[in-house]
Every structure is written in C-alpha cells, then in structure tokens.
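A short worksheet on the structure shown next.
Sequence lines set the chain letters: A, B, ... in the order given, protein chains first and strands last, and positions in each chain run from 1.
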Protein chains: 2
Amino acid sequence: MAPTAATRATIKVLPVPDDLPEPLPEPAVEDIRLEAVMGALSDPLRMGIVRKLLLESERFDHPCGWFGLDRPKSSLTHHFKALREAGVTRQRQYGLERRSHVRVDDLDARFPGLLALVADWTPPQAS
Amino acid sequence: MAPTAATRATIKVLPVPDDLPEPLPEPAVEDIRLEAVMGALSDPLRMGIVRKLLLESERFDHPCGWFGLDRPKSSLTHHFKALREAGVTRQRQYGLERRSHVRVDDLDARFPGLLALVADWTPPQAS
DNA sequence: TCCTATGTACGAGTTCAATCGTACTACATG
DNA sequence: CATGTAGTACGATTGAACTCGTACATAGGA
C-alpha cells in the first residue's frame, strides 16, 4: 500500500546523502587479517549479522535496530564494533544512526569465497 | 626410491598400517559448524598448523613434533585438541605418536573454498 | 630393566571476550 | 524547552581460553 503522511513518519525513509559521512575507524584493505575476520565471525550473533546484511540488505546501509536483535544496546555496540575493527563491516554516522554494511569488495579481493560461506551459513539449533 | 634398512631407521618411515587406529573423538561431517571452524582458525598458531599441513604434508599424517613449534608440549596438546574438536583435523594414535591431518574432503564438502583461504594465508609480521 | 622420547592429564595463573546496567550525548519533534 | 530516540562510554561481573609447569603413561631401544 502507498505510504501516507502518517505511515511515512513511521517508515522513516532517510535518503542517502550525496556527501557520505566519513567511515568510523577501520583497518585498510591490505591490513585486514584472515584470522581476525574469522575471530569476528566465530560468534554466532555476529555471523548472523553479516549473513543478514549479505542476504537481505539492498543498496542501503542499516542501523543496528534494523536487525531486530534481542540484546541490550550496549551489547550490540560491542559486536558491531568488533565487526568493524576486524574489517568485516564499515560504519557511517547518519545523524543519530550509525549504519553498517559489509565491505564486500574489500573482502572479495582479499579472501575470495569467504562471503559465500557466510551467506550459506545456517544458524545453530534452527528448529 | 625404495627405502633400505639403513634409511628406514633414520628417516623413520612408518608405513601406514592397513588397520588404521580409530580416530580420536571428533564431530561428524554434518556436525561441523562454520563458526567453530573459524574460532579454531582465529588463533595464528593454529592457522599456521593447518596451513603447514596443507602445503607441506604429503600423504602421511604428522606428529606434533614435526611442526617445529617452540611451545611447551602441554600447550601443543591444547591446540591440536582444539583443531580436532572443531572438525578441522583428524588425529590417530600410532603407538606413541598422535598424528594429525586435515579433514580435506569433509571441509571441502561443507565449506568449499575455505581451505584455499587457509593455504593462501600469510603469517603476521612476516619479515 | 632402565632410559629416553612422545604426548596426555591436571591444575593454576593470567588474559581476554561477552554480557549488561547505568549514565551520558546528540538529534528531532512537539 | 521538554521529550523521545539511537547509540556510545564506562565499569563490573562472569566465564572461557591461552599458557605453562609438573606429574604421569606408554613404547622402543640399549
């Protein structure tokens, strides 16, 4: 259904600005370490975050509320920071929100095939 | 060339027995979890062990002395056990020695491309 | 049989990561 | 300005993993 003025307020379509905010601190492509990436992905919650970004995100970044994770906010901050510092995701500040996306090009260049494994991953104890 | 009696003593070619010893406890192929494998490989020492097995081992298993790791024996026991319990390696007991090899077929079946990443890995602060 | 070599088992100390509560900052909206 | 919202910062707690010393078990050779 077409969004009315009322629904548009709740859907909150924030257009991507032309001048992107600077990414938060992250390793350069050539400094991304395979063992650090694997350490970041060894946590099921973080593996699920990256997989969801790969499978469901379109061309936009996503704030961490988008993931629907039932954890306290400070825990999510911790995990998103771990992913960013390992070089798996990039985070940019859009006003209030800090949005994340996977560094697909960088990871494909350094570790071809790795993201395909993440996309094929199945969460544990899936009913 | 065929081993003589003299070379057999020094080179210590232990022929693989027809009745292989039972592997030590390990997860079944279908129970190997990607996040557990990545957790095992997130340690540089263990990543190096698997890489060395992939690049330098021929068709034989290797005891952990073969790796030339400068760590106490009990530390090595810990790391080889971590690799085995994650499903990365298989260990068999040959007399005194407990030899390891990578579960290449199992890992290729579950996570195609993963072992290629390990083989291409470069150790940190390589001079 | 004694010695050596390979490797485990156990336990202690230490470090690190995960979890989460609380307080705080910043923007947006009324 | 007051309120709500998105998220960080800090600190405390907990548990797991890494590291290693020591003691122990076993096989093979002198």
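In this structure, the CD atom of B/E97 is 16 Å from the C1' atom of D/dA25, given to the nearest Å. Spacing between atom CZ of A/R99 and atom C1' of C/dC27 amounts to 14 Å, rounded to whole angstrom units. Whole-Å rounding puts the B/D43 CG to C/dC16 C1' distance at 13 Å. In this entry the distance linking CD of A/E35 with C1' of C/dA17 reads 17 Å, nearest Å. Rounded to whole angstrom, the span from the CZ atom of B/R71 across to the P atom of D/dG21 amounts to 12 Å. Put simply, CZ on A/F80 is 13 Å from P on C/dT19, counting in whole angstrom units. With rounding to whole Å, B/K81 atom NZ is found 15 Å from D/dT19 atom C1'. Atom CZ in A/R46 sits roughly 8 Å away from atom C1' in C/dA17 (whole-Å rounding).
With A/Q91 as the fixed residue, the side-chain hydrogen bond (donor to acceptor under 3.5 Å, both in side chains) test singles out one of A/R99, A/H101, A/R84: A/R84. The residue from B/L115, B/L107, B/L53 that alone fulfils the side-chain contact (heavy atoms from CB on, under 4.5 Å) condition with B/V88 is B/L107.
Of the two residues near DNA chain C, A/K73 and A/L45, the one whose nearest nucleotide lies more 5' is A/L45.
Side-chain atoms of A/T77 stay outside donor-acceptor range of the base of D/dG7, with no qualifying N/O pair under 3.5 Å.
Side-chain heavy atoms closer than 4.5 Å link hydrophobic residues (I, L, V, M, F, W, Y) into clusters, and following such links, possibly through other members, connects B/V37 to B/V104.
Comparing D/dT8, C/dG21, C/dT19 by their closest approach to the side chain of A/Q91 singles out D/dT8. Here the nucleotide nearest the side chain of B/R98, chosen from C/dC20, C/dG7, D/dG21, is C/dG7.
At the heavy-atom level, B/H78 lies under 4.0 Å from base atoms of the strands shown.
Listed for the B/R110 side chain is a donor-acceptor partner under 3.5 Å among the backbone atoms of B/E30.
Electrostatic pairing of B/R51 and B/D120 does not count as a salt bridge here, judged by no charged N lying under 4.0 Å from a carboxylate O.
Within the 4.0 Å cut-off from OP1 or OP2 of D/dC20, at least one side-chain nitrogen or oxygen of B/S75 is found.
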